[in-house]
Structure formats: structure tokens, C-alpha cells
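Note that ligands are numbered from 1 as they come in the structure, with each ligand's atoms numbered from 1 the same way. Numbering of residues begins at 1 and proceeds along the displayed sequence. Heavy-atom basis, side chains included; hydrogens, waters and symmetry copies ignored.
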Amino acid sequence: MKVSIASDHAGFEEKELLKPYLAQLGHEVIDRGPDSDERVDYPDFAELVAKDVVSGEADRGVLVCGTGIGMAVAANKVDGIRAANVTSPEFAQLAREHNDANVVTVSGRFVSDEVNRAIVKAFLETDFAGGRHAGRVAKIMALE
Ligand code: RB5
């Protein structure tokens, strides 16, 4: 799978840890920055990953900031994005099964690297369940 990833300064270190892990899982990683932990604005990086996913340049997106919240709020402003801010692998699985999330946002400050690894693994390996969830997701998209 092609995975576009980005962070802000608060998520930079975790982004750098997740990149080789994603590659180890067999995914192709597109790193949209930043290249250092210098202070940046997370919406700029959320936009890059969101546009990769919507354009088809990437299959899924991963965004890391201090909490993951700002990244989710920003990414969800881009039409076609269903970004879920997730703090456990179980929620990552449900975000895929029920919500067909195409971007996951995680916390670099409050969630461990070990848990974030489990989150992105679950996010990338779980299919949308469809069925009764399909109509609900269609209603979400109709809100755009
Ligand atoms: C940066 O200080 C912080 O606000 C940002 O990383 C993120 O947590 C916002 O939601």
C-alpha cells in the first residue's frame, strides 16, 4: 500500500519512528515532511497528506501532531477525507470497519511509539466492513 505521512514539530520524532516501521510492514512511504523538528503549522502538512489520498497518489494517510486532534480537524476539511484521531489499536480497527477512515491521526506526545505502531498496523490491515455502515458513510460524504 502507498502511505503518505507527515507531522508537525510535535509529531516529528514519532513520524521518523513510524516511517521505517511502515516500510518493514511492506508499505511504500511518501514522506511529506517536515524534515526537522523546527516549529511548523500542522494544517500545512495535513493538507499535503489529505491531497495525496484524495488524488490517489497514496492509498492511505498517517498524520502525527502533539495530540493528533489538530491534524484530524484540518484533514477533514479536505473533501473526500475521513480522518480519525485514534489512541488505541481497537479504535483504529473500528475507524476502518465502521467509518472507512482513509487517514489516521496519532499523538506524538501522549501515546507511546509501541501503541502508535499497533494503531497504524491495524489501520492499514483492516478492511471496511460495508453492509449497514456503507449507507452511513455515504451520508457523511453527502455532507460535503
Ligand atoms: C503544537 O503545539 C500542537 O498544538 C499540535 O501539535 C497539535 O497537538 C494540535 O492539535
Side-chain angles (χ1 to χ4, degrees), residues 1-129 133-134 136-144:
M1 210 175 265
K2 264 179 140 179
V3 181
S4 179
I5 189 169
S7 71
D8 69 355
H9 50 286
F12 176 73
E13 191 180 331
E14 180 60 15
K15 170 173 74 75
E16 293 303 302
L17 292 172
L18 287 175
K19 279 193 302 179
Y21 179 63
L22 291 170
Q24 189 188 314
L25 290 177
H27 301 292
E28 186 181 331
V29 180
I30 306 169
D31 182 1
R32 293 302 186 195
D35 297 328
S36 78
D37 64 359
E38 266 180 54
R39 193 163 301 215
V40 292
D41 296 330
Y42 57 81
D44 297 333
F45 293 89
E47 180 183 7
L48 296 175
V49 165
K51 288 189 171 166
D52 275 346
V53 172
V54 166
S55 71
E57 184 69 26
D59 301 299
R60 303 264 174 84
V62 176
L63 288 163
V64 194
C65 65
T67 57
I69 296 170
M71 284 294 199
V73 172
N76 277 317
K77 292 291 183 187
V78 176
D79 283 359
I81 292 299
R82 292 176 300 280
N85 180 207
V86 162
T87 55
S88 73
E90 292 79 10
F91 273 34
Q93 185 182 332
L94 287 166
R96 288 287 312 131
E97 285 178 353
H98 289 202
N99 314 115
D100 199 14
N102 49 15
V103 172
V104 70
T105 74
V106 298
S107 165
R109 283 183 175 157
F110 300 98
V111 176
S112 70
D113 175 53
E114 188 186 354
V115 171
N116 279 333
R117 284 175 191 233
I119 286 170
V120 297
K121 187 172 193 295
F123 175 70
L124 295 171
E125 294 180 1
T126 304
D127 290 329
F128 178 47
H133 303 293
R136 296 165 186 164
V137 171
K139 285 187 178 185
I140 293 173
M141 302 323 286
L143 294 172
E144 287 178 352

### Task
May I ask you to decide whether Lys15 forms a salt bridge with Asp31, counting only side-chain N to carboxylate O separations under 4.0 Å?
yes
#### Entry: Side chain, backbone, both or neither: the part of Thr67 lying under 4.0 Å from ligand 1 by heavy atom
both
### Query
Would one find an N or O of Gly66, backbone or side chain, under 3.5 Å from an N or O of ligand 1?
yes
### Query
Who's the nearest protein heavy-atom neighbour of atom 2 (O) of ligand 1, and how far?
Arg109 NH1, 3.5 Å
### Task
For ligand 1, note which part of Ala10 has a heavy atom under 4.0 Å away: side chain, backbone, both or neither.
side chain
## Note on the structure
If we number the atoms of ligand 1 from 1 as shown, the ones under 4.0 Å from a heavy atom of Asp8 are 1 (C), 5 (C), 6 (O)
#### Entry: Passing candidate, side chain to side chain contact (heavy atoms under 4.5 Å, CB included) with Arg32, options Asp44, Asp52, Ile5
Asp52
### Query
atom 4 (O) of ligand 1: which protein heavy atom is closest, and how many Å away?
Tyr42 CE2, 4.4 Å
### Task
Write out the residue and atom name of the closest protein heavy atom to atom 1 (C) of ligand 1, then the distance separating them to 0.1 Å.
His9 NE2, 3.8 Å
### Nitrogen or oxygen atoms of Met71 and ligand 1 under 3.5 Å apart
no
#### Entry: Protein residue, atom and distance nearest to atom 10 (O) of ligand 1, heavy-atom basis
Gly70 N, 2.8 Å
#### Entry: Glu144 side-chain N/O to Gly80 backbone N/O, donor-acceptor pair under 3.5 Å
yes
### Query
Could you go step by step and tell me if Phe123 and Val86 meet the side chain to side chain contact (heavy atoms under 4.5 Å, CB included) rule?
CA-CA 10 Å; Phe123 175 70; Val86 162; over 6 Å; no
### Contact summary for Val78 and Val54, nearest pair of heavy atoms
CG1-CG2, 4.1 Å
### Query
Backbone N or O of Val64 within a donor-acceptor pair of the Thr105 side chain at under 3.5 Å?
no
### Query
What is the closest protein heavy atom to atom 7 (C) of ligand 1, and at what distance does it sit?
Cys65 SG, 3.4 Å
### Heavy-atom side-chain proximity of Val120 to Leu22 below 4.5 angstrom
yes
